[in-house]
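All figures in this text were calculated on a predicted structure; none of them were measured in a lab.
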Amino acid sequence: MDIRPPLAWRPVAAVSGALVALLLLTSGGYGHHRDELYFRALSEHPAWGYVDQPPLTPLLAGLSRAVFGDTLTGLRVLPALAAGLLVVLVALVARELGGRGAAQTLAAFGTAGGVYTLIGGHTLLTVSFDLPFWLAAILFTVRALLREQPRWWLAVGAVAGLATYNKLLIALLFAALAAGLLAVGPRRVLASPWLWAGALVAAVLAAPNLLYQVTNDWPQLAMAEALSADEGDEMRVLFVPMQVLLYGPVVAVIGAFGWWRLWRDRRLRAAAVAYPVAAVATLASGGRFDYTGGLILLLFAAGCVAAEAAGADRPRSAGIALGCNAVGGVLLALPLVPLTVLGSTPIPAINEVARESVGWPQFTAAVRGVLDTLPPEERARAIVLTGSYGEHGELVRAGVPRVYSGHNQLHAYGPPPETGTVAVTVNIGRRGMDLQYATCEERARIDNGVGIDNELQGMTVHLCRGLKQPWSTAWPRYRHLS
């Protein structure tokens, strides 16, 4: 017999639909993010995996181009739909925890107004699809722990296996939950044949993805090490403030009450332990602060249930506070502030996605301008060499020919042809230019025109001549992970 409260489908569907509509209406703002440009470029090379990630997000980028058109809005339809799904999943988690209509609506509304949800829904990123995977896994885990229906572990395993095609990070969730079960129980769950059957389902579904990792010397471990070495210290410093910023201070406060609610229920105490375990693991490894975003939403859903149980006034007060939270989230995450004044606000300093979505037309025009100065015979064989996948992806999108980069997976698509004795280079560095060419001179400098300090701003475009050694010999030295 189902003893859960009824699903508040009308308000939850209304919040989810409003979020999707808002995301689609604002989808054309600013420009592509550099990660979107990378995924678009990778979608032209379908594979079981890449050195820096599994295949799903690039695959969805290709699907979006085919179905919705090769436009900025077309690329962002699936992220918007994924954000709408996320809202529904968090509301279902609240319902599973005993939340009635008020708790479910609060959970949906608070999730929709969070900065992390809005950024992931606005831009095609791996997190756009990772969050729904995490919340689906959490929902089925809560069902398995609360009900006398251990077959839900099969659903958990299915979601976990499929999630590995987007990110291997899903392993963090289950490692943290396993640590919680071992530490505080109920340990009998670990002896359930259904749980191990679910683990088998996950292993079978993930097998092709894991096989790619094994046969390619675990490239994503190398990638994780590179990221930790490059950004680990910064991520540790930012961890606590960004945990609050991910969904806003109101969600963080409600989540704190949610943690206490989970801890008080012996059946769910392991879920309460999972968050601090995942946070400590992320800090120790120098991982990104957003790695625990899915568990924050679990705590928030539990906090919404606690607010509803505290009395009629609490949900109303929480709703007002979440409304203020949502206003701040929308202004921070979505392209509502005009570009002409964006640089004078704190948004670019806080929102990396907004910051790195500015300046691409000026960048492309500068590179094309240098190419256009070349005599026809030189232009026909000139290559363009970029130091980052963002610049590479933008030039490929713009139809610039013979573009190469040693960054992450793009290194595998080289080396440039030996006829590339003339090169337009961007973001290579003096050492990279001098390694291959006798002379390199600055020909242009990027200015986005709105005073936003990002990776493109001030970038120089060089013209290099006089190839020193064959590209087949030099190309391995251009490989870098970050």
Atom CD of Gln436 and atom CE of Met433: how far apart are they, to the nearest 0.5 Å?
12.5 Å
Can Gln409 and His45 be counted as having a side-chain donor-acceptor contact under 3.5 angstrom?
no
Within the 4.5 Å heavy-atom criterion, are Pro249 and Asn325 side-chain neighbours or not?
yes
Stepwise side chain to side chain donor-acceptor pair (under 3.5 Å) test for Tyr38 and Asp52
CA-CA 11 Å; Tyr38 182 46; Asp52 51 353; 2.7 Å; yes
Taking CZ in Arg430 as the centre, count heavy atoms belonging to other residues, nucleotides or ligands within less than 6.0 Å. Is the count above 12?
yes
Report the distance from atom CE of Met459 to atom CD1 of Ile428, rounding to the nearest 0.5 Å.
9.5 Å
Carefully, step by step, assess Leu56 and Leu162 under the rule side-chain contact (heavy atoms from CB on, under 4.5 Å).
CA-CA 9 Å; Leu56 183 60; Leu162 294 174; over 6 Å; no
Side-chain heavy atoms of Ser405 within contact of Thr386, under 4.5 Å:
yes
Which value, rounded to the nearest 0.5 Å, describes the distance between Leu385 atom CG and Arg402 atom CZ?
13.5 Å
If you apply the rule salt bridge (charged side-chain N to carboxylate O under 4.0 Å, His left out), what do you find for Arg65 with Glu44, and how did you get there?
CA-CA 10 Å; Arg65 294 171 62 196; Glu44 299 182 358; 3.5 Å; yes
Is there side-chain contact between Val90 and Leu139, with at least one heavy-atom pair below 4.5 Å?
no
One thing to verify: whether Glu455 and Arg355 come together as a salt bridge, which I'm taking to mean a side-chain N less than 4.0 angstrom from a carboxylate O.
no
Would you check if Val51 and Asn216 make a side-chain contact, meaning some heavy-atom pair closer than 4.5 Å?
no
Ring centroid separation Trp471 to Tyr478 under 6.0 Å
yes
Write down the atom of Gly121, the atom of Ala83, and the distance for their closest heavy-atom approach.
CA-CB, 3.8 Å
With the threshold set at 4.0 Å, does a side-chain nitrogen-carboxylate oxygen contact exist between Arg236 and Glu234?
no
For residues Tyr30 and Val337, determine if any side-chain heavy atom of one lies less than 4.5 Å from a side-chain heavy atom of the other.
yes
Walk me through it: do Gln243 and Tyr275 pass the test side chain to side chain donor-acceptor pair (under 3.5 Å)?
CA-CA 12 Å; Gln243 289 285 285; Tyr275 172 77; 2.6 Å; yes
Please round to the nearest 0.5 Å and tell me the distance separating atom CG of Leu246 and atom CD1 of Ile296.
5.0 Å
Start with the C-alpha gap between Arg397 and Asp70, add the side-chain angles, then the distance that decides, and say whether salt bridge (charged side-chain N to carboxylate O under 4.0 Å, His left out) holds.
CA-CA 9 Å; Arg397 187 199 65 79; Asp70 194 5; over 6 Å; no
For Asp290 and Tyr116, which I'm curious about, is there any donor-acceptor pair between the side chains at under 3.5 Å?
yes
Using the side-chain contact (heavy atoms from CB on, under 4.5 Å) rule, take Glu352 and Ile119 through it: C-alpha gap first, then chi angles, then the decisive distance, then the call.
CA-CA 10 Å; Glu352 182 270 345; Ile119 289 177; over 6 Å; no
Would you say that Met235 contacts Met242 through its side chain, given a criterion of any heavy-atom pair below 4.5 Å between the two side chains?
no
So do the side chains of Thr421 and Arg465 get within less than 4.5 Å of each other, counting heavy atoms only?
no
Would you call Asp434-Lys468 a salt bridge at under 4.0 Å N-O?
no
In Å, rounded to the nearest 0.5 Å, how long is the span from NE2 of His32 to OG1 of Thr123?
10.5 Å
If you apply the rule ring pair (Phe, Tyr, Trp, His ring centres under 6.0 Å), what do you find for His480 with His407, and how did you get there?
CA-CA 5 Å; His480 63 284; His407 194 194; 4.7 Å; yes
Do His122 and Arg76 have side-chain atoms, one donor and one acceptor, less than 3.5 Å apart?
yes
Rounded to the nearest 0.5 Å, what's the gap from CD1 on Ile452 to CG on Leu339? Could you check?
5.5 Å
Kindly determine whether Gln362 and Asn448 satisfy side chain to side chain donor-acceptor pair (under 3.5 Å), including the steps that lead there.
CA-CA 6 Å; Gln362 294 85 350; Asn448 56 44; over 6 Å; no
Parallel under 30°, tilted from 30 to 60°, perpendicular over 60°: which one fits the rings of Trp475 and Tyr404?
perpendicular
Looking at side-chain heavy atoms only, is the closest gap between Trp48 and Asn209 below 4.5 Å?
no
Does either side chain, that of Thr282 or that of Arg288, offer a donor lying less than 3.5 Å from an acceptor on the other one?
no
Could you go through the side chain to side chain donor-acceptor pair (under 3.5 Å) check for Thr126 and Asn166 one step at a time?
CA-CA 7 Å; Thr126 53; Asn166 190 59; 5.4 Å; no
Decide yes or no on side-chain contact (heavy atoms from CB on, under 4.5 Å) for Phe39 and Leu124, but give the supporting numbers first.
CA-CA 8 Å; Phe39 297 141; Leu124 190 140; 3.5 Å; yes
